[in-house]
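Here's the structure we're looking at; comments come further down.
Residue numbers begin at 1 in each chain, while the letters A, B, ... track the order of the sequences.
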Amino acid sequence: MRHWLMKSEPDEASIDHLAAAPGQCLPWTGVRNYQARNFMRDEMRVGDGVLFYHSSCPAPGIAGIAEVASTPYPDPTQFDPASPYHDPKSRREDPRWLLVDVRLVARTALLPLAAMREDPALADMATLRRGNRLSITPVTPGEWAHVLERLQVRWARA
DNA sequence: GCCAACGTTGGC
DNA sequence: GCCAACGTTGGC
């Protein structure tokens with residue numbers, strides 16, 4: 001099993017939205033970056049662990065734990081002209097953008113970005129690297145175990 | 001609002 | 001294929 005950090009703007013999809021969703025599960029819509037898409041399309045498996053990260057907000061940081069809850073499938077928003085994620089160049093016969101569903105495992109206290117940066121155990125985290133803008137990044141087993149420990153989350157699959 | 005960093009576009 | 005221009009991300 002692999003582990004991931006997935007960024008979401010809480011205005012759009014916060015950990016609270018996830019907790020309130022049917023089955024505490026949401027489709028990860030809106031990814032329009034090929035590298036992030038490829039992680040979902042090629043490397044994620046159902047049951048993979050997810051650090052749910054709040055970005056572009058007053059208090060950025062890890063807000064909870066989630067898991068990958070589906071295999072990849074086409075992001076419906078790419079075909080919706082009314083959606084901000086509409087992609088007129090994507091064809092239904094050959095969808096450009098795929099997504100996975102994500103299910104809540106645990107809401108946690110916020111692990112603020114500043115605290116992540118101060119933590120030597122997280123010094124090499126992909127998402128903390130200079131200039132990184134990827135909304136989905138791999139998390140190593142060590143980083144995953146460390147974050148769950150800090151957040152006091154016990155998870156059978158961890 | 002600012003700005004660094006990166007990704008994408010499109011002319012050539 | 002190159003690369004300048006432009007757009008986006010995301011912290012501050």
**Prompt:** Would you call the rings of A:Trp4 and A:Phe39 parallel, tilted or perpendicular, where under 30° means parallel and over 60° means perpendicular?
**Reply:** tilted
Anything under 3.5 Å between a donor and an acceptor, one on a side chain of residues 121-132 of chain A, the other on a protein residue two or more places apart or in another chain? List them.
unit_1   : atom_1 : unit_2   : atom_2 : d
A:Arg129 : NH2    : A:Asp124 : O      : 3.1
A:Asn132 : OD1    : A:Leu134 : N      : 3.3
A:Asn132 : ND2    : A:Thr127 : O      : 3.4

**Request:** Would you check if there is a donor-acceptor pair between the side chains of A:Thr77 and A:Asp75 at a distance under 3.5 Å?
**Result:** yes
**Asked** Hey, what else clusters with A:Leu110 if you join Ile, Leu, Val, Met, Phe, Trp, Tyr whenever side-chain heavy atoms sit under 4.5 Å?
**Response** none
**Residue A:Glu43 excluded, over 12 heavy atoms near CD under 6.0 Å** = yes
**Item:** Heavy-atom contact window of chain A on DNA chain B, given 5' to 3' at under 4.0 Å
**Value:** B:dA5 to B:dT9
